[in-house]
Amino acid sequence: MNGHTTCVEAVHYFLQQIEQDKHLNAWVETFADEALSLALTLDNSFKTSGKLNGSLHGVVVGIKDVISYKGHHLSAASKILKGYKSIYSATVVERLLAEGAIIIGRQNCDEFAMGSSNENSAYGPVLNPVDNKKVPGGSSGGSAAAVKADQCMISLGSDTGGSVRQPADFCGVTGFKPSYGRISRYGLIAYASSFDQIGIIGNNTEDIATLYSVISGPDEYDNTLIPKKDILHEVKKPLKIGYFRQAIEHPSLDREIKQSFLDFIDELKKQGYLVECLDFELFNYVVPCYYVLTTAEAASNLSRFDGIRYGSSDKKNITDLSSLYAINRSKGFGQEVKRRIMMGNFVLSAGYYDAYYTKAQRVRQLLKKKTIEFFDNVECIISPTVPSPAFDLNEKLRDPIEIFLADLYTVYPNLTGLPAISLPFFTHSNTLPFGLQLMCSPANDVNLLLFADELMNLQTNRKN
Ligand code: GLN
């Protein structure tokens, strides 16, 4: 805050924006009274001391409905968690509040973060602010739509296979998934624990970097975190950038997206960057490998939702423990979540474990090995974020496989732990935005954000 706008004014502004564009359905709930009272406290403290209450003083943040905020409802956009209130706050929430941020509400998403269109939500779909007939992407669709519609300054989403970057691409904003182990998952509802990361959706890389510096870093409650702080590696200039031949030659890639991508590569070369086309023979295995492993992890993670300890529970017609599980889970979970639990239990079942689960684990190891080779050669890798721009609401609901396959560019960083960002680079002739994805080697998040900023400036100058 520069002293011209008070925190109270800022919160009023965003609440009004949310109200005005209610039809987008980006929010499950706003915390209006609490946000206003915190804003007032921040304003008063600034008035008396002349000092800001932390590096995020008055920054208005929205959180996806999978992140715990003590005393507030939390549902993962699922009926099975109806009425549940968080009994503790996620580490990211604690860190935001400690630096003076204001959490204005929780945002709509796909149920348990499973999906790519935000149509799998118990609260109904979110509309894309750019074109209301289109989906905003998913699973963090509400978080991306809210930033695009100016309903908060920045959002926290979660990204297991693209759920921050893909909606950012569809809505024309910036979405960042850090390296696995950079941001604590304590207080995040788990979908596939070895893939999940909390990510940030914002208007630009600078805002994202500011928030990232506050919420990232070791946490005693999550032992999968990388103990070391980010180191800024000396980057040799000119920067060497790679892209995958198989990604750019993929038949599902929209022709215009491909052309814009190739034109940008020409521009990079003109600007003196070294650009190399990389061979990635395993490219076609990334989506199957992702869906075998994430459904397996999901089946295990979601077994705790039984309606006994928390969430909605139907006491009628229950004759024994099995019927209690069956009734609560049948009523509580939506179709997509059930599909994934069934797939996960299938790949983990005694007869198929080796054929699917073990094999996918092996593929994941190969991908990690290959990734080290790629980054011995280049500093970052670029690709389109999604093979097509936002599709129509209801268009793909009946074809889950088609939706799964469209994750071909976003799941690779989650399989290998890379940091990745989607930048709002391009506009399609149908006026929809689409993004450029940038990836760096694991734990190289700050360099990724710096490169992203550099390329974003280059693209902005090119457009002007
Ligand atoms: N679309 C992917 C899926 O449904 C990604 C989800 C996510 O990143 N949470 O699994």
Side-chain angles (χ1 to χ4, degrees), residues 128-130 136-137 140 143-145 147-148 153-157 159 162-179 197 199-212 235 239 241-244 247-248 253-254 256-268 271 273 275 378-390 407-414 418-428 431-441 444-464:
N128 190 321
V130 182
S140 314
S143 309
V147 170
K148 184 64 185 179
M153 293 178 190
I154 198 156
S155 301
L156 288 187
D159 191 311
S163 279
V164 157
R165 289 158 286 147
Q166 188 258 18
D169 172 287
F170 277 11
C171 292
V173 291
T174 305
F176 169 56
K177 176 205 97 74
S179 299
Q197 271 295 284
I200 309 169
I201 300 178
N203 286 305
N204 53 59
T205 43
E206 207 180 315
D207 288 358
I208 287 176
T210 307
L211 209 78
Y212 171 70
V235 176
L239 192 64
I241 299 173
Y243 67 97
F244 298 134
I248 215 62
L253 178 58
D254 173 276
E256 240 181 85
I257 297 186
K258 178 173 177 175
Q259 198 50 50
S260 309
F261 182 83
L262 293 173
D263 289 348
F264 183 67
I265 287 185
D266 286 343
E267 179 66 22
L268 285 172
Q271 298 292 328
Y273 292 92
V275 184
V378 297
E379 271 94 30
C380 72
I381 297 174
I382 55 174
S383 76
T385 309
V386 193
S388 70
D407 289 336
L408 78 170
Y409 300 130
T410 48
V411 297
Y412 165 64
N414 303 73
L418 309 180
I421 192 166
S422 177
L423 300 168
F425 249 50
F426 308 106
T427 310
H428 205 270
T431 72
L432 291 171
F434 61 97
L436 179 86
Q437 175 172 246
L438 221 77
M439 301 161 255
C440 276
S441 55
N444 231 334
D445 300 72
V446 174
N447 275 329
L448 174 80
L449 291 167
L450 290 171
F451 297 157
D453 205 45
E454 189 174 314
L455 296 194
M456 198 65 220
N457 287 335
L458 174 68
Q459 177 69 348
T460 314
N461 294 336
R462 200 174 147 223
K463 280 191 195 156
N464 295 333

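Between R462 and F264, the shortest heavy-atom distance links the atoms NH1-CD1, 3.3 Å.
No donor-acceptor pair under 3.5 Å is formed between the side chain of D407 and the backbone N or O of T410. Between the side chain of T431 and the backbone N or O of T427, no donor-acceptor pair lies under 3.5 Å. The backbone N or O of N457 sits less than 3.5 Å from a side-chain atom of N461, completing a donor-acceptor pair. Put simply, the side chain of K177 never gets that close to the backbone of S163: no donor and acceptor are under 3.5 Å apart. N444 contributes no side-chain N or O that, together with a main-chain N or O of N447, makes up a donor-acceptor pair within less than 3.5 Å.
The shortest side-chain heavy-atom distance between Y412 and L418 falls under the 4.5 Å cut-off. Taking 4.5 Å as the limit, every side-chain heavy atom of V275 sits out of range of all side-chain heavy atoms of I382. Within the 4.5 Å cutoff, no side-chain heavy atoms of K148 are placed close to those of P433. The shortest distance between side-chain heavy atoms of D159 and S140 does not fall below 4.5 Å. You'll find the side chain of P167 stays beyond 4.5 Å of the side chain of P136, heavy atoms only. Put simply, the side chain of I241 does not reach to within 4.5 Å of the side chain of V378, judged on heavy atoms. Annotation: side chain of E256 is not in contact with side chain of P389 (no heavy-atom distance under 4.5 Å). Y409 has its side chain out of reach of D169: every pair of non-hydrogen atoms, C-beta onward, lies at least 4.5 Å apart.
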Could you walk me through whether V386 and F170 pass side chain to side chain contact (heavy atoms under 4.5 Å, CB included), step by step?
-> CA-CA 8 Å; V386 193; F170 277 11; 3.8 Å; yes

Under the side chain to side chain contact (heavy atoms under 4.5 Å, CB included) criterion, do D207 and I200 qualify, and how do the steps go?
-> CA-CA 9 Å; D207 288 358; I200 309 169; over 6 Å; no

Can you check side-chain hydrogen bond (donor to acceptor under 3.5 Å, both in side chains) on D254 and S388, steps first, answer last?
-> CA-CA 5 Å; D254 173 276; S388 70; over 6 Å; no

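Within 6.0 Å of CD in Q271 there are more than 12 heavy atoms belonging to other residues, nucleotides or ligands.
Across L423, L449, V164, a single residue satisfies side-chain contact (heavy atoms from CB on, under 4.5 Å) together with F176, and that is L449.
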